[in-house]
There are 2 protein chains.
Amino acid sequence: MKLSSSGQGQQAHEGENKCLNSELWHACAGPMVCLPTVGTRVVYFPQGHSEQVAATTNKEVDTHIPNYPDLPPQLICQLQNVTMHADVETDEVYAQMSLQPLTPEEQKDTFLPMELGIPSKQPTNYFYKTLTASDTSTHGGFSVPRRAAEKVFPPLDFSQQPPAQELIARDLHDIEWKFRHIFRGQPKRHLLTTGWSVFVSAKRLVAGDSFVGLLVNFCHRNEKNQLLLGIRRATRPQTVMPSSVLSSDSMLIGLLAAAAHAAATNSCFTVFYNPRASPSDFVIPLSKYVKAVFHTRVSVGMRFRMLFETEESSVRRYYSS
Amino acid sequence: MKLSSSGQGQQAHEGENKCLNSELWHACAGPMVCLPTVGTRVVYFPQGHSEQVAATTNKEVDTHIPNYPDLPPQLICQLQNVTMHADVETDEVYAQMSLQPLTPEEQKDTFLPMELGIPSKQPTNYFYKTLTASDTSTHGGFSVPRRAAEKVFPPLDFSQQPPAQELIARDLHDIEWKFRHIFRGQPKRHLLTTGWSVFVSAKRLVAGDSFVGLLVNFCHRNEKNQLLLGIRRATRPQTVMPSSVLSSDSMLIGLLAAAAHAAATNSCFTVFYNPRASPSDFVIPLSKYVKAVFHTRVSVGMRFRMLFETEESSVRRYYSS
DNA sequence: TTGTCTCCCAGGGGGAGACAA
DNA sequence: TTGTCTCCCCCTGGGAGACAA
């Protein structure tokens, strides 16, 4: 069937191991999102995580959830691994993080220099455009903003009349899409024609969703420039759907129990972070957390003592700011 | 967009409370599936439940899961509620069950007569047909097996030439679909033409999936007969997709922790049963379980004593048979 | 009885510039 | 600069019987 076949080109060797392009992930996640660096220490907030899961399952966090006395309101972990993914159905980006709870002794270690903030690599040559009614209509293609086309697309040969080329772009699942890029009309403008409507219906895009285009350099390969594409869905009022696998209560319990079990046994646990689903982060770099708690710069040595002296106070709601 | 609009008729007042037609649910679930009766006592098998969730999340049950010493391998519960549902995306049927763990005293109560087996109501006037390549091709409609059309569809007026009518059917989400039903061709046969291709693309049906048609009588309403329709998807090798909400480990932990917590606090918990996803049931009528354990009929009074004397033996694997 | 093919033809929609915001 | 409209025409795909499994 047309819609279940994905893309027109060769299928990507899809594997969950395959980590998608970091710049593309950030371009789709939005400029406000940054992920903690692998190897650094982070603070994990079970309640913030609960709120994301509750928001995703359209469920209020209620009182049916048992208390986990072993589970503190924030858990200091080492970030063992971060992988970037995109939902198979919706292309929405999310991150999978492996968190290793730290023993009190490990927590007392001084900061590594790298923990003081290497921001995630933000994309440079990219654009996004919110799709108009004309972009998603059955008549005609996608109107590319002029600056975007000039910055991100390969340059057209203006000696041709009209100037046109075939664009090949790969999406978040590494599937190839082809578009005819033409510069025509009166006045002249950049358009994507052939291939665009297939993309719109395959991705089920509607006016209000956004198209993300990104130019990346793979210097280590022979292929120099590569065009990537992604989407940002409009925040629709009712995107959430019932799970049909596990009750939302069990999910919320599972989240807490998994963290509590990992903390008790000093073993790794895994969380999914969906930057566009939840209003608040729940995995924060420890350095950022410490700064936020004290609102001031203090010497490295004293941070931890003060942190633990104050952790019973109001800092618990940090993630919700 | 065409594919996100569902059906052509009025949207149903969709609510999760709304329980779909029991006969339609069973027609889609298949003849082997029957659900325990509300109010009766059932046996819940955490391990069988784990296997379903693991199968759904494409995850093997491994050793990362902590033991729950409070949680027995089977839990005797009263079935507080059963509601039948269909997945919003795929139309696959599943059941939501509320289970109330029973105290040892409650377990000792004698059987109620109704517990000795009222089977779920199986559909009578229904048919299903596995879709052929022609059924799902872009050229032409759906070839209705003759007996099916005669049994389930309203009779055609054969004085017309050709005999034809408009069929109105409601799907698992109570959304209305319209089809032109015509009897034509040489030799004559029943066909669904106009409306069929919209249905195929909206439900994303492919050859190998099955169409389910059902005629029901609503005697309590004025409308006498109603046509319902459903889908059985072909079991595809790779239907499962990563969750992006909660790690499969956390889900498996959550399932066990929720059951253990419910058993400890004597409170209700909720499970989803997907009859087509898992190879084994994990909520069994207590009467059926007792019969299976003893392979023989014994008097009502002695059942429970013997049950508890033997429960440490091999009955644990009952659900996987 | 029904799955597949081919043929026919109408309508949907892609691709173009016009025009205005 | 770019969103929407309309127009034109091609080609996809609904709908029919033929034919054979």
Side-chain angles (χ1 to χ4, degrees), chain A residues 1-3 8 127-151 153 160-167 178-202 205-211, chain B residues 1-3 5 8 127-151 153 160-166 178-202 205-211:
Chain A
M1 205 188 70
K2 189 196 286 178
L3 280 169
Q8 311 120 308
F127 77 98
Y128 79 92
K129 181 199 173 189
T130 302
L131 301 181
T132 65
S134 297
D135 289 330
T136 53
S137 87
T138 54
H139 289 264
F142 173 64
S143 181
V144 188
R146 188 171 174 246
R147 291 161 184 281
E150 290 170 349
K151 186 169 64 174
F153 292 168
Q160 297 176 34
Q161 207 42 245
Q165 65 182 335
E166 182 183 61
L167 291 185
K178 291 176 181 159
F179 304 98
R180 178 173 170 83
H181 169 207
I182 193 167
F183 187 72
R184 64 161 172 83
Q186 197 50 254
K188 299 275 181 250
R189 86 279 312 272
H190 291 270
L191 295 165
L192 298 187
T193 58
T194 312
W196 174 253
S197 71
V198 179
F199 180 74
V200 167
S201 53
L205 297 174
V206 296
D209 294 338
S210 295
F211 178 87
Chain B
M1 206 188 69
K2 190 197 288 180
L3 280 168
S5 79
Q8 312 119 306
F127 78 98
Y128 80 93
K129 182 200 174 188
T130 302
L131 301 181
T132 65
S134 298
D135 289 329
T136 53
S137 87
T138 55
H139 290 264
F142 174 63
S143 182
V144 188
R146 186 170 175 246
R147 291 162 184 281
E150 290 169 351
K151 186 169 63 173
F153 291 169
Q160 297 176 34
Q161 207 43 245
Q165 64 182 336
E166 181 182 61
K178 291 178 182 158
F179 305 97
R180 178 172 169 85
H181 170 208
I182 192 167
F183 187 72
R184 64 160 173 83
Q186 198 49 252
K188 299 278 180 247
R189 87 279 311 271
H190 291 270
L191 295 164
L192 298 187
T193 57
T194 312
W196 173 252
S197 71
V198 178
F199 179 74
V200 167
S201 53
L205 296 174
V206 297
D209 294 337
S210 294
F211 177 87

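Every chain is numbered from 1 and lettered A, B, ... according to where its sequence line falls, protein lines coming before strand lines.
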> With a 4.5 Å heavy-atom cut-off, do B:K129 and B:S143 have their side chains touching?
Replying inline: yes
> Are any of A:T132's side-chain N or O atoms less than 4.0 Å away from OP1 or OP2 of D:dT4?
Replying inline: yes
>> Rounded to whole Å, please give me the gap between CG in B:D135 and C1' in C:dC5.
In response: 15 Å
> Contact class for A:K129 (heavy atom, under 4.0 Å): base, sugar-phosphate, or nothing?
Replying inline: sugar-phosphate
>> Within the 4.0 Å heavy-atom criterion, would you say A:P145 contacts the bases, only the backbone, or no part of the nucleic acid?
In response: sugar-phosphate
> For DNA chain C, whose closest nucleotide is more 5', that of A:I182 or that of A:R189?
Replying inline: A:I182
>> By the 4.0 Å heavy-atom rule, please label B:S197 as base, sugar-phosphate, or nothing.
In response: sugar-phosphate
> Touch check for B:T138, heavy atoms < 4.0 angstrom, all strands: base, sugar-phosphate only, or nothing?
Replying inline: base
> B:L191 CG to D:dG17 C1': how many Å, rounded?
Replying inline: 11 Å
> What does B:T193 touch in the nucleic acid at a heavy-atom separation under 4.0 angstrom: a base, only the sugar-phosphate, or nothing?
Replying inline: sugar-phosphate
>> Can you see if the side chain of A:S134 gets near the phosphate of D:dT4 - specifically, an N or O under 4.0 Å from OP1 or OP2?
In response: yes
> Any side-chain N or O of A:T194 less than 4.0 Å from the OP1 or OP2 oxygen of C:dG15?
Replying inline: yes
> Looking only at heavy atoms, what is the nearest atom pair of B:V144 and B:L192, with distance?
Replying inline: CG2-CG, 3.9 Å
> Which heavy atom in A:T136 sits nearest to a heavy atom in A:L205, and how many Å separate them?
Replying inline: CG2-O, 4.3 Å
> A:K188 has an atom NZ; how far is it from atom P of C:dG17, in whole Å?
Replying inline: 6 Å
> When you measure from the side chain of A:H139, which nucleotide among C:dG13, D:dA18, D:dA20 comes out closest?
Replying inline: C:dG13
> What is the distance from CZ of A:F199 to P of C:dG14, rounded to the nearest Å?
Replying inline: 15 Å
> Using Watson-Crick and G-U wobble pairs with both distances under 3.5 Å, what is the 5'-to-3' dot-bracket string of DNA chain C, with [ ] for crossing pairs and | for pairs outside the strand?
Replying inline: |||||||||||||||||||||
> Rounding to a whole Å, what distance do you find between B:W196:CH2 and D:dG15:P?
Replying inline: 13 Å
> What integer distance in Å separates B:R180:CZ from D:dG15:C1'?
Replying inline: 10 Å
>> I need the CZ-P distance between B:F179 and D:dG14, as an integer number of Å.
In response: 14 Å
> Given the rule in the side-chain contact (heavy atoms from CB on, under 4.5 Å) test, do B:F153 and B:H190 qualify, once you have shown the distances and angles that lead to the verdict?
Replying inline: CA-CA 10 Å; B:F153 291 169; B:H190 291 270; 5.6 Å; no
> Hey, does the side chain of B:R184 come within less than 4.0 Å of D:dG17's phosphate (OP1/OP2), counting only N and O?
Replying inline: yes
>> Once you measure the plane-to-plane angle for B:W196 and B:F211, does it fall in the parallel (<30°), tilted (30-60°) or perpendicular (>60°) bin?
In response: perpendicular
